Visitor: 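Sharing a structure, written as structure tokens. Questions coming.
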Amino acid sequence: MSALKLHFESHPKLIRWGYILSIIGIIALVAGFSTEAFSADPEISSHFWGTLMYNSIFWTLVCNAVMFFICITTLAMAGFTQSFRRVAEAISTLVPIFGTIAFLVLIYQIISHNHHIYHWLDKDAVAHDPILKGKSGFLNPTFFVIWTFLAIGLWSFLGYRIRKISSEADQGPMSPEQGKAYIWKNTVNASLFIVWFALTVGSTIHWLWTMSIDPHWYSTMFSWYNFASTFVSGMSLIAIWVIFMKKNNYLELTNQEHIHDIGKFMFGFSIFWTYLWFSQFMLIWYANIPEETVYFYHRMHGPYKFFFYANLVINFVCPILILMKRKAKRNYNLMIFMSILIILGHWMDFYQEFMGSIQKSHANMGWLDFGVLCFFVGILLLGVNKALGKKPLIPVYHPFIKESVIHHV
Amino acid sequence: MHLKYESQLREPLVYGEKTYGQVTEDILKPIERKPSKLWYVGFFISSALLLFGVYSVYRDVTYGIGQWNLNKTVGWGWDITNFVWWVGIGHAGTLISAILLLFRQGWRTGVNRAAEAMTIFAVLCAGQFPVFHMGRVWMAFYTLPLPNTRGPLWPNFNSPLLWDVFAISTYLTVSLLFWYSGLIPDLATVRDRAKTKFTKLMYGIGSFGWSGSTKHWQRHESLCLVLAGLSTPLVLSVHTIVSFDFATSVIPGWHTTIFPPYFVAGAVFSGFAMVQSLMLVVRKVFGMEDYITIGHIEAMNKVIVLTGSIVGVAYLTELFMGWYSQNKYEGYTFWYSRANLFSPYGWSYWGMMACNVLSPQIFWFRSMRRNIFVTFFMSVIVNIGMWFERFVIIVTSLYRDYLPSSWSIYYSPSPWEIGFFVGTFGLFFTCFFMFSKYAPVIAVAEIKYILKTSGESFKNKITKIETEPLDKFVDEQKHAH
């Protein structure tokens, strides 16, 4: 009888690449910090802080979207996810780390009154601008700090609880009653997470962090659109890690069928993202109200033109054409390629969302953007590598684990 | 080797010691016996309502839409409210058949047939309103881009109202095909059991000579999969385009980017509520408690609390943006015409909030989700609330437009406007009564498909497998390959 491989041995390649990438990232950060961060020219300093902002926020939200996936599949009583849920859990352990970085970066903008990024921090401007004055009940430093703290804090805390409850499925066989109670406990905690998620990622947090960079502009779709972006990236991140584990002979119970299902999520939610993109863009374009089109005008015609169109090609055309076929979703290498492409695509979407508002006159994606990206990917590799070793890779006594074994798509 | 394993912890989807034969017996019973008195009473009431609707429409066509109380600013009133409401209800069927099929939700088999039928009837009802709102209904074909002799007169392709024509007619076609292809094997079962020649002939024609051969099943399954794939984007597109009817405009309260997904969520919400109302009655009257179980009801209530909450987030988002935008027109619409309880239509906004956002929250509690009376009551409340949602959107945005001199008097419908709406209820229920008499209200073949994984008696037999250790289970599976 073959025993299941439950223990993850720290992977030397992961550690090596984790260090290489984070060191590259740190070098880029130090270089940026010394040359740009405190420049007298606000364009230059905002370039540095803006880059840190969109990267830290993107990676926090993507890892948090992985926890969202765990919770929503818990509520839907999904069985197929059980064989690889520990991988998703490991990714979600990065939420407090990335969240803290994002928190510090955001708080620094408030403390330093960086009104080049958040125009509403400029008291004089607000006093003379009736619109900003009217919004100051929401766009003010106190609320910003409290809400940011609560959002990141509760995502981390509720996620931690879910992971802790998950460990109970390692302790020993459960009787049907215990199994039911266990499922119930998971359900209650997952619902708490989802409610908080709806109040933050589903609504307020994107208005506060991102939309307020253009403090006059507004779109009711904005938060849902960003949610779709991070969710599909989160699914891609799960796909990469699960396939990595498969290639290293872990996760015996996970196979092509599970990858196929993850692929369906990537395919479906890429189209869902496009649907939200189109709905937001088309309605603004069609109504043609200057206060609204101002957001898209320079993105479509100005320096961000390339990113505007590349966004649609990478995040819509590629997934719909490449992931449509059953075979594609069952091909490990192709899935890795598509996952990386989708994550980079949405990372670039975040780039144009933030930088397109912070520095409207020019787009200069360059060494700093990729350097900071390396930093976050490096931390991700090291963090997930460590988290994977801490728990058995399969929740052997989870009541639904057998459903994950016999799983045919 | 098994293709699917289902934990004993999941509730059975079919109760009792059922065999395939019994499943057929149970579900086909209402078709094979004479309708009960209750059926006749219901059928006649619905037909009477339908006739009243026909008379109301007759007045509209003969005397023009002056028969309705639409006025200078409220050019869309009950008519379009009812249209959107019915289209919304027509979403649950395809959602259950297609999207839940893609998510492999076994419980859909208990309710999909009736939900699909309901979808078709609801879309039929919805279609009446824009058509008769035209006034000169004999010109309805002008909406179609037919090659014509009317010179340069073509429909306006830039108008979302025209997109509606395409979206809804496509949706109706695909839903009809989907529903009917699912029916074919079941109609053949009725044919094979028929006792009179006439019944045999009619169901024989209806089932297109279905023989149940492997080839037939193979083609049937691929057809259903293709139709499921087609209808998934369609079900999203229909209410998206209905939302465009409003959102492409520059009317405060209508022009908001969240409309498309929010309308879709609302449509699913109201559609599930209507499925609940109907299925609770069907299950009681036809004695189908073994097939439409409390578990089914609970699952649908979960969808209701989920979609209700999504809609709630959208309401609050809109309300917030009404303030955040600092646009005084948006602000006036949201904070005066709607959220101010003491404004002329404030009551309708708060009625909507109470029905759609607050009351479904009781479904966070398991005991409430599993309570039949609460469920039935809530399903009606949700449908009332969703009707008010459309009423609020349409009327409160229109009745005070940009030009105060044209601000209208309070809009309330005329008897013929109400009569038209009541008539569509007649149409809907007449169709539904006919359907429940002549077609199996539950998909017989699909219940058989899940019987051996989700049936109670079969689930009881797997205790041995359920309790064996995981690695032993995995080994057995490997060797079974």
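These figures come from a predicted structure and were not determined experimentally. Note on naming: letters A, B, ... go to the chains in the order of the sequence lines (proteins, then strands), and numbering restarts at 1 for each one.
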Visitor: Applying a criterion of heavy atom separation less than 4.5 Å, what residues of residues 251-259 of chain A form contacts with chain B?
Guide: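 Residues in range: A:L253.
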
Visitor: Need one label for A:I271: side chain, backbone, both or neither, based on atoms under 4.5 Å from any heavy atom in chain B.
Guide: neither

Visitor: Can B:T257 and A:Y225 be counted as having a side-chain donor-acceptor contact under 3.5 angstrom?
Guide: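 No pair is found: no donor N or O on one side chain lies under 3.5 Å from an acceptor on the other.
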
Visitor: Taking the six-membered ring for Trp, are B:F320 and A:F138 ring centroids under 6.0 Å apart?
Guide: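 Yes, close enough.
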
Visitor: Could you grab the distance from atom CG of A:L6 to atom CG of B:L470, nearest 0.5 Å is fine?
Guide: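 A:L6 atom CG to B:L470 atom CG measures 8.5 Å (nearest 0.5 Å).
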
Visitor: Looking only at heavy atoms, which of residues 360-370 of chain B get nearer than 4.5 Å to chain A?
Guide: B:W364, B:R366, B:R369

Visitor: For residues 199-206 of chain A, dump all side-chain donor-acceptor pairs below 3.5 Å to protein atoms at least two apart in sequence or in another chain.
Guide:
from   : atom 1 : to     : atom 2 : distance (Å)
A:T200 : OG1    : A:W155 : NE1    : 3.0
A:T200 : OG1    : A:W196 : O      : 2.7
A:T200 : OG1    : A:F197 : O      : 3.3
A:S203 : OG     : A:A198 : O      : 2.9
A:S203 : OG     : A:L199 : O      : 3.0
A:T204 : OG1    : A:W147 : NE1    : 2.8
A:T204 : OG1    : A:L199 : O      : 2.5
A:H206 : NE2    : A:V201 : O      : 3.4

Visitor: Answer with side chain, backbone, both or neither: which region of B:N327 has an atom nearer than 4.5 Å to a non-hydrogen atom of chain A?
Guide: side chain

Visitor: Please classify the contact between A:Y182 and chain B as side chain, backbone, both or neither, with a heavy-atom cut-off of under 4.5 Å.
Guide: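 Neither the backbone nor the side chain of A:Y182 comes within 4.5 Å of chain B.
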
Visitor: Within residues 301-314 of chain B, which positions have a heavy-atom distance to chain A below 4.5 Å?
Guide: B:K302, B:I310, B:V313, B:A314

Visitor: Could you tell me which portion of B:S249 (side chain, backbone, both or neither) has an atom closer than 4.5 angstrom to a non-hydrogen atom of chain A?
Guide: backbone

Visitor: If I measure from the heavy atoms of chain B, does A:L139 come under 4.5 Å with its side chain, its backbone, both, or neither?
Guide: side chain

Visitor: Hey, what's the ring geometry for B:F103 with A:F265, parallel, tilted or perpendicular (30° and 60° as the breaks)?
Guide: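 Aromatic pair B:F103/A:F265 classed tilted.
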
